[in-house]
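We count ligands from 1, going down the list as the structure has it; atoms in each ligand are counted the same way.
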Amino acid sequence: MAAETAPVLINHMTIQPNPAISLASINSPSIINPNDSVVAVEADEIPTVDYFMLFSDDFDERSKALENLGHVCKDFGFFYLVNHGISNGVFEGVFKGLSDFFNPEEIEDRKQYEKKSPTDRIRWALRSSPGENREYLKVIAHPQFHCPSKPAGFSDALEEYFKASREIVKGLGKAVSKGLGFEECYVEKAFKLESGFDMSAMNLYPPNFISKGSIGVPDHTDPGFFVSLIQDVNGGLQILSNSGQCINVNIPHNAIFINLGDHLEILTNGKYKSHVHRVVVDNNKVQRISVATLHGPSLDALVGPAPEFVDESHPPAYRAMTYKQSIEANGGDEIDVQLYIIVAIFSSQVISMNTLKVESLLGMLTIRLQDDNFVKWLFQFRSVRKGYDLFDHLDGTLVCPPKFITTAYKEWIKRAKALVSLLLATLGDEAVEYVVGCEVVSKNNLILTALAGLPAKFSMIRTVIVARETPISLKEFQAQLLAAERTTEDSQSTLNFPMSAILMLTDQLAALFLKLLCLSFINKGMEIFRTIGDIKIMEATMEDLTIGPDIMGIIMANSMAIQMVYLEVQTTMVFLVLDTGATHHMTADLDNLTLVTPFEGNKKITMGQCNKENSTKRKK
Ligand SMILES: O=C(O)CCC(=O)C(=O)O
Ligand SMILES: [Fe+2]
C-alpha cells in the first residue's frame with residue numbers, strides 16, 4: 001500500500017516507484033521510465049505456476065501449489081503459466097492467422113474494422129506515434145466470439161485458442177479462490193464468469209523502425225480478472241515489479257504470461273494487485289505478435305471490494321460498480337477497455353475521506369513552521385498524515401475521480417482544498433513570509449506560459465499548439481513536447497537554458513514550475529535546477545513528478561530550503577512553494593534574486609541546513 005512507501009510530500013529522496021501503482025495511478029508520463037536511466041532487468045524475478053499441479057490428485061502437492069499461487073498473486077502479480085495443456089499447434093495456428101491478417105499488402109481490407117461505434121465487436125487500428133507504435137486487432141471473444149472472416153482458417157484457430165484459454169482462466173479462478181481459503185466458485189460467482197466479458201488485443205509490432213526507447217504500448221494496467229498473454233517472439237514487454245524494477249518479460253516456450261487485472265485488485269481490496277506494464281519497441285529486430293486476452297467479469301457484474309477483504313484496518317479502497325460502468329467511467333468502450341495510465345481507474349476508487357474532517361487535524365499540528373524548526377514541523381506533519389491515512393491524497397495514490405462522478409469528485413476537491421489549507425495553516429508567521437507563492441493557475445494559462453518559456457527549438461510545436469482550435473490536454477501537451485524533443489538532437493542544450501530567462505517568464509514560482517514541467521517532460525531531468533544564491537534546488541527525476549495526477553510534482557530543496565508542491569485539482573493547479581530552512585539568502589550575483597534588501601550588520605544567520613554563517617547580502 002502506498003501508505004507504507006514514501007512520505008513523498010516531504011522528502012523526495014525517499015520516493016520509491018510505487019509497486020501498487022496500478023489502480024492508484026496516475027497521470028503519469030511514464031511510470032516505468034522509458035529512457036535508459038531505468039534499465040529493464042532480466043526476468044528471473046518472474047515466477048512460474050504449474051497449472052497441472054493446482055489440480056493434482058495428490059493433496060500435499062495440490063496444497064503446496066495453491067499456496068504458491070496465493071503467494072505469487074500477492075507478492076508478484078504476474079507469472080508464467082506452464083503445463084496448461086494448450087498445445088503448441090494451437091498457438092502456432094493463432095500466430096499464423098494473425099501474421100496473414102496483418103499482411104502489409106492488405107492493409108486497405110483491414111480498414112473496414114476501424115472504429116465505428118462503442119459497441120464494435122471487432123476493431124482494428126494502426127497506431128504510429130511517439131506514444132504508441134503497433135497495429136492491433138481487437139475482438140470480443142466471450143460471451144460471443146467474434147473474428148474477421150479472413151484469412152481462411154484464422155477464425156477457427158482463434159476460437160480454439162480462446163476456448164482453451166478461457167477454460168484455463170476459469171480453472172485459475174477456482175485455484176485463486178481456494179488459495180484465498182474460499183469455496184472454489186468464489187471468484188467465478190463474484191465476477192459472474194459464466195458470462196464473463198473477454199476482449200482480446202492482438203498486436204503486431206513491426207521491427208524497430210523508430211528511435212531507441214520507442215513505446216509500443218505505453219504504461220498501463222489492464223482491467224478484468226486475469227490477462228493471458230502469448231507472443232511469437234520475445235522482446236519488448238516490460239512489467240514493473242513490486243520491488244520497483246522494470247522487468248523484461250521473456251516468456252518460456254509454450255508458456256502463457258498471466259498478469260493480474262484491475263478488477264481482481266478491486267475484489268480483493270488491494271490484496272492482489274494489477275501491475276503496470278508496457279511494450280518498448282527499441283530492440284525488436286524482428287516483427288513481434290502478441291495476443292493479450294483480458295478475461296473480465298460479466299459486463300453487469302457489480303465489482304467492489306468483497307466483504308472478506310474489508311475490515312477496520314482495511315477499509316474499502318475502491319468503489320463498487322459494474323464492469324461496464326467502470327470501463328465507461330474510465331473513458332473506454334466495450335472493446336477499447338484498456339486504459340492507459342493517464343486515465344487510470346479513477347472510478348474504481350472510493351473516496352474514503354468523508355468521515356475525516358481535515359480541520360480537526362489542525363489541533364493536532366501543534367508546531368508551526370518557523371525558520372528554525374523545519375525538521376520538527378516535518379516530523380509532526382508526516383506523523384499526522386500517516387496516522388490519518390492522508391498519504392493517499394497527498395502522494396497521488398488516491399486520484400481525482402472524473403467530474404461526472406459528482407459526489408466523489410466534489411468530495412475529492414473538498415479534501416484537496418482542505419489539505420492545502422491545513423498545510424498553510426501550519427506555517428508560522430515567519431514561514432508565511434517565505435512562501436514565495438500560492439496561486440491557482442488555469443491549465444490553459446499554464447500551457448501557454450510553458451510554451452512561452454520553451455527554448456527556440458520548440459517553436460514549431462508552439463505554433464501548432466497555439467493555432468489549435470480545441471484546447472490541448474496536459475497529456476497531449478506532454479506528448480507533443482516529447483515528440484518535439486525526439487526530433488531534435490541537441491536535447492542537452494535544454495538543460496542549459498538559463499534559469500534567469502525562465503525566471504523572467506512570469507513570477508518566480510510559476511517559472512520554477514515551468515522549468516520543472518518542461519524539462520521533466522522531456523525526460524532529461526537529473527539536475528533540473530541549479531543553485532540560485534544559497535538556494536539549491538534539488539534535481540528532480542521523472543518519478544518525482546509522476547506520483548499522481550493530483551499531486552504531480554514534489555521537489556524538495558537540498559538543505560530543505562525549498563519545497564514545491566504541485567497539486568492538480570482537475571482543471572486548476574495549486575502551486576505551493578515553501579522556502580523554509582534559511583533565515584536569509586546569499587548570492588554572488590544579485591541578478592539571481594527578484595527582491596533584494598541588502599543586509600547590514602554582522603548578526604548570525606541560519607543557512608538552509610542550519611549552519612551558522614555570516615553574510616553581507618540579504619534578501620527577504
Ligand atoms: O504486446 C504485449 O506484449 C502487451 C500488450 C498489452 O499489454 C495489452 O495489449 O494490454
Ligand atoms: Fe496490457
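Here Val249 has no heavy atoms under 4.0 Å from ligand 1, in either its backbone or its side chain. No part of Gln231 comes within 4.0 Å of ligand 1, judged by heavy-atom distances. Heavy atoms of Arg134 found under 4.0 angstrom from ligand 1 belong exclusively to the side chain. Contacts between Asp222 and ligand 1, counted as non-hydrogen atom pairs separated by less than 4.0 Å, involve the side chain only.
Residue contact annotation: His277 has a non-hydrogen atom under 4.0 Å from ligand 1. Using a 4.0 Å heavy-atom cutoff, Tyr136 is absent from the residues neighbouring ligand 1.
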Item to check | Lys174/Glu188 under salt bridge (charged side-chain N to carboxylate O under 4.0 Å, His left out): CA gap, chis, key distance, verdict | outcome: CA-CA 7 Å; Lys174 292 190 169 75; Glu188 197 170 327; 3.7 Å; yes
Next on the checklist: Run Lys271 and Glu265 through salt bridge (charged side-chain N to carboxylate O under 4.0 Å, His left out) and show every step you take.
Outcome noted: CA-CA 7 Å; Lys271 179 173 176 146; Glu265 176 167 337; over 6 Å; no
Checklist entry - Where do Lys115 and Asp333 land on the salt bridge (charged side-chain N to carboxylate O under 4.0 Å, His left out) test, with the steps shown first? => result CA-CA 11 Å; Lys115 180 171 180 174; Asp333 62 30; 3.7 Å; yes
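Atoms of ligand 1 lying under 4.0 Å from at least one heavy atom of Ser290, given by number and element, are 1 (O), 2 (C), 3 (O). Listed by number with element, the atoms of ligand 1 under 4.0 Å from a non-hydrogen atom of Leu229 are 2 (C), 3 (O), 4 (C). Each of the atoms 3 (O), 4 (C) of ligand 1 lies under 4.0 Å from some heavy atom of Leu237. Close approach of ligand 1 to Arg288 is summarised as follows: ligand atoms under 4.0 Å from at least one heavy atom of the residue are 1 (O), 2 (C), 3 (O). Near Asn203, with a cut-off below 4.0 Å to any heavy atom, the atoms of ligand 1 are 1 (O), 5 (C), 9 (O). In the vicinity of Val279, heavy-atom distances shorter than 4.0 Å reach the ligand 1 atoms 1 (O), 2 (C), 3 (O), 4 (C). Near Ala292, meaning under 4.0 Å from any of its heavy atoms, are these atoms of ligand 1: 8 (C), 9 (O).
Considering only heavy atoms from C-beta on, Asp198 stays 4.5 Å or farther from Phe162 through its side chain. You'll find the side chain of Ile327 stays beyond 4.5 Å of the side chain of Gln325, heavy atoms only.
Residue pairs meeting the salt bridge (Lys or Arg N to Asp or Glu O under 4.0 Å) criterion with at least one member in residues 97-109, sequence neighbours excluded, are Lys96-Asp100, Glu108-Lys111, Asp109-Lys150.
Taking the six-membered ring for Trp and thresholds of 30 and 60 degrees, His84 and Phe91 have ring planes inclined between 30 and 60 degrees apart.
Asp262 and Thr221 are linked by a side-chain donor-acceptor pair at a separation below 3.5 angstrom, with hydrogens and angles left out of the test.
The minimum distance between the Fe ion (ligand 2) and any N, O or S atom of Asp222 involves atom OD2.
Listed by chain and residue number, Phe191 satisfy the ring-ring contact (aromatic ring centres under 6.0 Å, His included) test with Phe225 (two or more places apart in sequence, or in another chain).
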